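Everything on this sheet refers to the single structure shown next.
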Amino acid sequence: MKYLSRITVAFLAVVLCLSAWSIAFAKATDFVMIMPGQPGSTEEAAPVMKAFAEYLTAKNDGHFTYSGAYYNELVLAKDHLSKVKPGFGIVSLGYYMENARKYGLEPLAATLPHGYTYDAWWVLTKNKSIEKNADFKGSMLYTAKAAACLLPFPVEVHFHGSDRPMKAARDVAAGTLDGIVATKVQYEAGKALPAVKNLVPYLITKHLPNSPVVSFGKASPAAQAAARVMIEMKNDPEAKDLLSLLQTTGFAPADPALPQFRLNSDGRCPQ
């Protein structure tokens with residue numbers, strides 16, 4: 001009997017060691033942030049992505065491990081996705097609209113930039129008239145097909161992606177640019193500044209979904225677990241600094257309206 005007990009104890013010890021080994025050496029679930037026109041670079045954001053991955057891993061008690069990357073240039077993001085299939089990611093609305101069908105993007109959660117539960121875009125000009133072939137700049141205009149669906153101009157205009165919204169606003173005020181497009185966060189942050197306060201709101205979009213958290217294809221258990229942790233981050237005092245670096249006050253459940261914004265399979269605007 002004592003011999004059998006020793007065998008049982010030894011067997012359990014081996015099982016526990018193997019379990020710990022499998023968790024420690026399991027392949028990390030990749031995630032990606034694709035935010036065209038946002039500040040920084042892939043290299044500069046690497047420490048933040050590492051901290052985010054470690055947080056998600058720790059809050060899942062090591063049952064899943066994570067590794068992340070940040071891209072604010074579409075060419076670099078496309079190259080990354082040609083080599084790596086992420087489990088999930090945080091992407092801009094425009095990126096989601098243009099790529100949801102291609103990559104099978106499915107909503108998992110939503111960001112809450114500055115605590116806002118929705119976004120809206122302000123088209124700001126020097127006056128209320130828009131001429132044909134007018135030029136507009138904005139961070140969301142890197143995904144021009146999506147932007148054209150959300151911005152109903154009565155004449156043909158030209159969109160130019162820009163990562164310097166205040167410089168673009170000064171150009172409009174100086175008369176060297178026809179207009180800018182600002183997100184809710186950008187407009188609220190800059191509306192009292194000299195370069196912005198004298199501009200005219202040509203149009204304001206309806207409420208739009210914030211940048212979503214999405215799975216690439218069917219959500220894996222690791223992606224679902226990460227989303228649950230993200231939604232709880234706003235209640236965790238230890239996550240405050242990390243959330244600030246991620247430029248959100250937290251995460252909310254997925255916006256049920258998000259799939260309605262996908263471009264049609266032929267690339268046309270959703271109805």
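Keep in mind that this is a model prediction, so the values were computed, not measured. Here, residue 1 is the first one in the sequence, and each next residue gets the next number.
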- May I have the step-by-step check of salt bridge (Lys or Arg N to Asp or Glu O under 4.0 Å) for Glu232 and Arg228, ending in yes or no? CA-CA 7 Å; Glu232 289 300 318; Arg228 288 193 293 270; over 6 Å; no
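A donor-acceptor contact shorter than 3.5 Å is absent between the side chain of Tyr55 and the backbone of Glu238. Asn264 places no side-chain N or O within donor-acceptor distance of the main-chain N or O of Asp266, the cut-off being under 3.5 Å. Side chain of Thr65 to backbone of Thr57: no donor-acceptor contact under 3.5 angstrom is found. Side chain of Ser139 to main chain of Gly37: no donor-acceptor pair is present (N/O by atom type, distance under 3.5 Å, no hydrogens or angles). The main-chain N or O of His63 is never found under 3.5 Å from a side-chain atom of Asp61 such that the two would form a donor-acceptor pair. Between the Lys234 side chain and the Phe251 main chain, a donor and an acceptor come within less than 3.5 Å of each other. Without hydrogens or angle criteria, Lys128 side chain to Pro201 main chain gives a donor-acceptor distance under 3.5 Å.
Note on ring orientation: taking the six-membered ring where Trp is involved, the planes of Phe88 and Phe31 are parallel (angle under 30°, cut-offs 30° and 60°).
Here Lys191 pairs with Glu188 under the side chain to side chain donor-acceptor pair (under 3.5 Å) rule; sequence neighbours left out. A search for side chain to side chain donor-acceptor pair (under 3.5 Å) contacts involving Asp79 returns Lys83, not counting sequence neighbours. Contacts of Gln247 classified as side chain to side chain donor-acceptor pair (under 3.5 Å), with partners at least two apart in sequence or in another chain: none.
Tyr187 and Leu177 fall within a single hydrophobic cluster, where Ile, Leu, Val, Met, Phe, Trp and Tyr are joined by side-chain heavy atoms under 4.5 Å apart, directly or via other members. Hydrophobic cluster membership is shared by Leu263 and Leu105, with clusters built from Ile, Leu, Val, Met, Phe, Trp and Tyr side chains linked at under 4.5 angstrom.
Looking only at side-chain heavy atoms (C-beta outward), Pro107 and Pro259 come within less than 4.5 Å of each other. Between Leu150 and Met97 there is a side-chain heavy-atom pair separated by less than 4.5 Å. In this structure the side chain of Lys184 reaches within 4.5 angstrom of the side chain of Tyr118, judged on heavy atoms. Two residues are said to be in side-chain contact when any heavy atoms from C-beta on lie closer than 4.5 Å; Phe52 and Met230 meet this criterion.
Lys218 NZ: 12 or fewer foreign heavy atoms inside a 6.0 Å radius.
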Please report, to 0.1 Å, the donor-acceptor pairs under 3.5 Å made by any side chain of residues 131-138, with sequence neighbours excluded.
residue, atom, partner, partner atom, Å
Asn133, OD1, His158, NE2, 3.1
Asp135, OD1, His160, NE2, 2.8

Report all side-chain donor-acceptor pairs from residues 204-213 shorter than 3.5 Å, counting only partners two or more places apart or in another chain.
residue, atom, partner, partner atom, Å
Thr205, OG1, Trp121, N, 2.9
Asn210, OD1, Asp119, N, 3.3
Asn210, ND2, Thr111, O, 3.1
Asn210, ND2, Tyr116, O, 2.8

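Every pair tested for side-chain hydrogen bond (donor to acceptor under 3.5 Å, both in side chains) that includes a residue from residues 91-103 fails, sequence neighbours excluded, so the list is empty.
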